[in-house]
Structures are given as structure tokens and as C-alpha cells.
There are 2 protein chains.
Amino acid sequence: MDIAINNTKLITFKSDGLGIIEEGALGIEDGRITYVGKNTKLDADIVIDGHDKLTMPGLVNAHTHTGITLLRGCAQDMPEIQWMNKGIGPFAQQMKASDMLIGSKLGVMEGLRTGTTTFAEYSYDVGELVEKVYKPFGARVVAIETLNEVISKRAKMGPDELYEFGSEKGEKCLKKARKVAERYKNDPMVDYMYGPQALDMVSMDLLSKVKELADKEDKFIHMHIAQGERERRQIANRYGKSTVELLDDMGFLSENFLAAHCHDTSVSERSALVEKGVKMVGCPSSIAMIDGIVPPVEDFLKLGGIVGLGSDQAPGPGTHNMFKEMRNAALLSKVRHSDPTSMPSWKTLKLGTIEGAKALGLKGLGALKKGMLADVITIELNRINLVPSVNKPFHNFIPNLVYSSTGYEVDNVIINGELVLKDGEFLSIDEEKIKEQAQERAEVIFEEGSIPWREAGSDLVDIVDEGSL
Amino acid sequence: MDIAINNTKLITFKSDGLGIIEEGALGIEDGRITYVGKNTKLDADIVIDGHDKLTMPGLVNAHTHTGITLLRGCAQDMPEIQWMNKGIGPFAQQMKASDMLIGSKLGVMEGLRTGTTTFAEYSYDVGELVEKVYKPFGARVVAIETLNEVISKRAKMGPDELYEFGSEKGEKCLKKARKVAERYKNDPMVDYMYGPQALDMVSMDLLSKVKELADKEDKFIHMHIAQGERERRQIANRYGKSTVELLDDMGFLSENFLAAHCHDTSVSERSALVEKGVKMVGCPSSIAMIDGIVPPVEDFLKLGGIVGLGSDQAPGPGTHNMFKEMRNAALLSKVRHSDPTSMPSWKTLKLGTIEGAKALGLKGLGALKKGMLADVITIELNRINLVPSVNKPFHNFIPNLVYSSTGYEVDNVIINGELVLKDGEFLSIDEEKIKEQAQERAEVIFEEGSIPWREAGSDLVDIVDEGSL
């Protein structure tokens, strides 16, 4: 046996409920779980004493753009309409390809440190991130190359002017996507999806090519859906329909479709999506921060849909920490529905793990069962903010995990049977070096972006001038 | 000089903005700030190297009941109507007075660890907590003895049946409040307010005694206000008015009145409160969790009111961590108002510090200026989740503090010039012993509460039986 965790509490998700084992053990061999059950003295190359620890499946971040983590803190508290072009844009334009790598390292490192073992990474040049971040870090990744054909300067266009598409740009993106698919086709740590960014950003021509490939390869299409008024007007002006109507007409809505955000959908559109088996990923703190909106996670769940959660990008929620994301998802849902029973901890915990895996179409992941992939984390329960922890008359550590944790109670992270974090320390990731590089490059990027940022003229300029930022 | 922090970034709140000093130093002597300004090599008994650190005023938790922290995780995700009597009640009834002390130690310790230096503690027998928790811990406290005269068994009453009051109970509470006032009248670390719990829980007779005392001693009245339908019906049935109308008629609304929660107020009532100088404290994650409501913090601010933030109690938000509270306050406000510019980080940071101090009527606190009380914290900026940190074209660490931190980046806590936490470790609080006691007693309390809890029959019973909790 490679790794054993003895004498531990377990959340297995083995049954319909949480499958809690109060005194158990877990064994791992060759990347798979080989034992999960009542406590026994398992012997292994690495033995973890699970006393005072909770052992559970690793978290699944079902939608993230880690490449822009160097821009953390650059565009919050501003009107949505300014966010992309006046908030992010002036700094993003200063970034080199290598800055995306450093940012991704920082973001993935934050995710790993706080218990995320699977990342659905949505990015341009995603192959670079897979090769230089996810593979060396030992993190499980679903790679989605951003497919975008817009060649107009969107920043300068009115909302009803139609974007121009360039098929060459689309072809180039698609080639990159295909390359990732080919390169990692036998790698158990890397899966992929096709990622037409949004319905207003790609041509029908590219979309039909994508659909053909996805069908042939039995892969998902992962698209940002119904993101707001700008998209709605583009789609209505160009096609005379809504995003969901058009996707339905095109035959895109299926079990192999993962829709991100979805906040500009109607009740009947959400019903249609769920009926066709479309999966959803919600990024509640990102959408709350950027748009002041709570995405319809609970609505999808109530319709019987499968939903995962994602951190989206650092300049927004500020963080790639799925424990924070779970807490906020639950709180925001409660106020969206004026109902404290909305998104209870026991359901939210599943969205962050097993339901996230399902949303990504990953099999054999997200629960602790014999034969499943060994993506496992342990959590120190004996922390100021998680004490006390009782088993009777119920397991109060379930709500505490979601509502009281910070994510940094995670002390061991195992992915595909390999230990990535041990006792809170990374085994082969040079945390200090990455932070240093991130700091160094960010100073340059923000410095170089200073004048363009001021010229872009967002509302934040006045805030800075009055000394509040 | 007693303590010096050299070579540090500072948020001083010295000006209308944040008063940021990018390379500064801070000196402390005899409990007061004696130097704050540009970096210089200050010499002192204790010298803290502020490299990579941010130094700012300690956080102010303007409304908390730490005594029930042992019940963390006992009553979330349930209908509001069940929360008190079927959620908290069955366990609270098993608690001894000593359990309130252990819970308070745990809660205050969590607050201190995450940078809170002032706590407005609202509790029965608050004098016990002051003597046995706050004073030995070296934490600044505003002590509010809960004044409650209800002698009816509220759990069994319909919402329109009027509670019966017992003046003896009220007298007893008031005597305790007076005792605390007397005992600590010369203690700079302890202040007090009068705390009639809510307008439906005290008689007019007690209220007028309280008012007379508060006026004579120039002290605040701190009351839970407009907490929902049950209170509204009690007040309407008994007095034919709303809570705010009645308080106004009684002459209670003044600058010496601190109103907690306020979610069941109308626009015109809030205007009336602010006009009279009434201060508000909001507990957004508590009220979101228990009621599915966002308290009207932003509404008060827009009217020009003074607002602080509070953690309320652990069985609710799950935590006494003001950094978490700030993040949630901002996010929840953004969705309440469908506006991403609502409660921006630079304002929220003030609510958690200087505005909280104002809401509590504390003078000389909440900013870093020469002569002010030395309640100061330092924060490690070189953490995975706070990197990068830049000064130009603005200070991105401001949003990152509010949105990306966990609270555990706080590494030094100084209260009234005394170091309480150093390099992340408590100097004279035995963290392990308190956690051990908390765990031990919680196991007994939850065990003893098991049957009463099941008999009370909340919706959670079914959840437990299906294996989800």
C-alpha cells in the first residue's frame, strides 16, 4: 500500500447521504483507493495519523481562469460595464505569456493549499498551463482552450453594434485545442473540453466544427451562457433569439454541455437546459462581485440539474479557495431565495466535490470508494475555528466545514495517489519562489499599466485620487 | 518606547481616505501611539520588523454573543422559526454557567487570532465574561448585560399571544448591569452599555429606569431592533405601533442609541433613526444564515448613518472572524442592491475598524494617530492568497484584505499597548487547553441534548436520519 490514513473521520459520499464514518481508515495504492471502512491499522509506505482529522474527497473547481491571478485586487467594487475594459484591460495588456504562467502557478498553488484537487482551467494557450503548471504540480486538470473569434475592438463598440468575427483566429484556437487533446489523450491526469467562449464571440461555422469534434470524441462543450445584457443584445440582433433558444435549435443542449454562470436565463430556459441534461457551473462570489447578482445555482438544483462550483478569476472574488466559495455560495443563495434552508451545508459540500466531478463528466472521482481515483484531502478539526466537533446527535463538523473553515485547515492533499501537500507544506512546489516571481512581475505590470489605466477612466480613478484606494 | 513596528505599510485612517503610508513606522508607549509616520529606525523594548507586513488598527466586533460558541454548528440551514427553540434551545438548556465561559474563551480567542481587538459582548452575566475572559485575555470589551423580563415560555406561544413580563427578573438583570458598571468604572479596557434585549422583551417600567441611568451616566443603550414578524406583532398588539415609532415616542432615539440588525425597518423608519443620530450594527452573515435576509447596512450608510459590523453568535455565521464578516458584508450588500459598487472594500474596511469604534461610542480608537489608544495589528502580505501587493497605480492590498484574506494572515495583535499575539502565537492564552475544554464540554452538551433535540422535532431531524448530517 502506498498511503494509509488511519484513525480518521471520513466523509465518503458512498451513499445517498454523506456516508460519514466516525472512526475509519483509508488505503491508497497505484493511484486508486483500495480500502475505505472502519478503522484498522493499515500499513503503507506513508502512514498518516488521522486523529483529530477529517478525510474527504478533494474539492473540484469546475470553472477557473487562473492565468490572471497576478491581477488580484485590480478590478473590484466597480460598475460591471467598466470591469473588463477599464478595470482588467489596462493591466492585462501589459502581461506577457510568461505572466499567465506565473499567475496560474500562484492560483493553482492557492487552490491546492486549500484542498482543490481538480481544476477546470479555461484559458487561451491552455496547453502551456497544462504542461508548465498542472503537470509539474501534480494537479488534476480539465483543459479548456478558449475559442474566441471576435476581431473587433469591443471596448469601443456600442452594445448593438455586431462584433466582427475572424475565422483565422478561430482556426488557430481550435488547432491549439486539438493539440492539447492529442498530446494528453493517454494521460489520466488531463482531460479536456471544447470551449467556445460565449455564443456572441464565435461564428456558426466554428461552432459546427466544434460540435462535430465534441460528438466524435464524446467530449463536453463548456461555454459561458447568458452573461447579461450585452450578450443578449448581440444574439438577439444577429439571430433574433436568446442564447438558450439558439443553442437548443442548434442541437447543442445535451448531457455533454456544461454551461457557466447562466444568470441571464428565464425560468423556462433553465427548465429547458436541465431537461436536456445540460450541466451548470456557478461562480457565486465572482458574479456577486462583478455583477451584483447571485447565479441560479439553487434554481438548477431544484429542477434536478447537476451543478458544480468555480472560483472564476482572482480579479473578482479575490481568491481560488473553494472553501470560501462554498460558504459564499450558500449564504448568497439563502438571500437570493429569502430562505435560510437554501443550499444547506450538506448539499453545498457535495457541489464542491462529487457534484463538481459530475458536472465535469469525470468518472470515478469525487467520492471515497474502493477502486475510485485517489484524490483525497485531510482537514485538521482541532483548530480554533472548527472546535468543537461532535458526532451526536449529528455531525456538527459538516456545517462547520462549510461555514467556519478558511480552507487552510487542509493539511494533506493527495492527487491520483500522490502526496502533494504534507502537514501543510508543499512537497515539490517552491512556494516562496512562485510568490517572489508573482510579486516581481505584478509590480512591473501594474506600473506599466498605470497610465493606460488612468486614461481608461474607470470610477476607481476618483477613488484613488481621494486617497481611498 | 515599548513597541516599535519598523519598515511597514500602514493604514492609518488619519485622513478622509485611508491614510496609507507605504513605508512607515509606528511606535507605542504606555498604551498609546507615540509615533506614526515615515519609516525610521525606532528603538523599543519590542521591535517588530514590518517588512512585507501591513500595520492597521485592530478590528472592532460591534455585536457578539461569544458565550454560546460551544454550540458552533448546531443550528444552521433551518427555518428561522425553528432556529431558537428547536435548533439552539435543546442544547443551550444543557449548558452550565461555566460552559458560557469556555465558549466565550473559544470565541474571543478566535476573534483575537483574526485581528479583533475590541468586542461588544452582549450576554447574561456579562460581568463573569469580563472578569474571567476579557480581562485575563487582555482584550478590550464593551460589556452589555442582557436585560430581559419575559417569563412566559415563548416556544409554546402563538405569535399574537403577548409575553408576560416579570419585574423581578428585570431588576436582577439591571443589578448585574450596574455591578459591572461600578466595578470597571476606572478600567480603560472595559466600557459598558445598557442592553434591553428587544422592545418586545422588556416592560416600559424597566425601560424608563434604563433610560434614566443611561442618560445620567452618558452611556449607550444597545438594543436588538426590528428583528422580524414576531417582534412586529408583539409590539403592534401591545402598543399599536412599530418598534421604531414607539422608541421615537419614548425619546429613546438619540446619538447614544445603538440598534442591532434593523432588518424589519421601512425606508422612512431608517431615515428617522439616522436623523436622530442612532447608530447601527449589522451582522450580515448571521442574518443571512438565520433569516435569509441582508441587513440594511448600505441603506444606513447612504443616509449618512454610522454603522459597525458584528459576528453575532457562532451557531449562525459559524465564526467570530471579522475578516470573513467584512467580505460577506460586502458581497451580500452587492446582491441586495444589485450593484457591484455597493460596500466597496475601502468603506467596508472602515466599518470593521474606525466606524465600528464610532458605533460603540469609543473615543481615541480605530485609527493610527499620535496619542490614540494602541490597538494595532500586523498582517503578513506575503501569503499565497494576498500576493501580489502593489502600491501603484493604487493599493491592491485594500481589496485583497477584504476579499482575499482569511483573517489568519494576522500575525501580531497589540491591545492597549500590550502584545497579545506574536508571530501568530498567543503569549499568555493557553490555546490548546481551551480547545480541549471546549471539545470535552461540547461532547457532553450535545450528548445530553440529543433526546430533547430530537423531541423538539426541527426539520434537521429528518436530514440526520437520511444520513446527510
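Using a distance-only test at 3.5 Å, with no hydrogens or angles considered, no donor-acceptor pair links the side chain of B/Arg72 to the main chain of A/Pro399. Looking at B/Lys435, its side chain never comes within 3.5 Å of a backbone N or O of A/Leu386 through a donor-acceptor pair. Listed for the A/Asp339 side chain is no donor-acceptor partner under 3.5 Å among the backbone atoms of B/Gly292. In this structure, A/Lys334 contributes its side chain and B/Ile287 its backbone to no donor-acceptor pair below 3.5 Å.
With respect to chain B, the highest number of heavy-atom pairs below 4.5 Å among A/Tyr408, A/Phe323, A/Trp83, A/Phe397 belongs to A/Tyr408.
Neither the backbone nor the side chain of B/Glu436 comes within contact range of chain A; no heavy atoms are under 4.5 Å apart. Residue contact with chain A, scored on non-hydrogen atoms closer than 4.5 Å, involves the backbone of B/Ile293 exclusively. Proximity to chain A (any heavy atom under 4.5 Å) is restricted, for B/Arg113, to the side chain, taken from C-beta onward. Residue B/Ser15: no heavy atom, backbone or side chain, is found under 4.5 Å from chain A. Residue B/Leu331 touches chain A through both its backbone and its side chain, counting heavy-atom pairs closer than 4.5 Å.
Interatomic distance, OH of A/Tyr403 versus CG of B/Asp77, reported as 3.5 Å (0.5 Å rounding). Note: B/Phe446 CZ to A/Ser389 OG = 9.5 Å, rounded to the nearest 0.5 Å. Separation of atoms CD (B/Gln76) and CG (A/Asn400) is listed at 6.5 Å; rounding is to 0.5 Å. The distance from the OG atom of A/Ser404 to the NZ atom of B/Lys324 is 6.0 Å, given to the nearest 0.5 Å.
When only modelled atom types and interatomic distance are considered, A/Thr319 and B/Asn385 share no side-chain donor-acceptor pair under 3.5 Å.
With B/Lys392 as reference, A/Glu447 is the one residue of A/Glu443, A/Glu447, A/Glu448 to meet the salt bridge (charged side-chain N to carboxylate O under 4.0 Å, His left out) rule.
Closest non-hydrogen pair, B/Ile384 versus A/Leu106, comes out as O-CD1, 3.7 Å.
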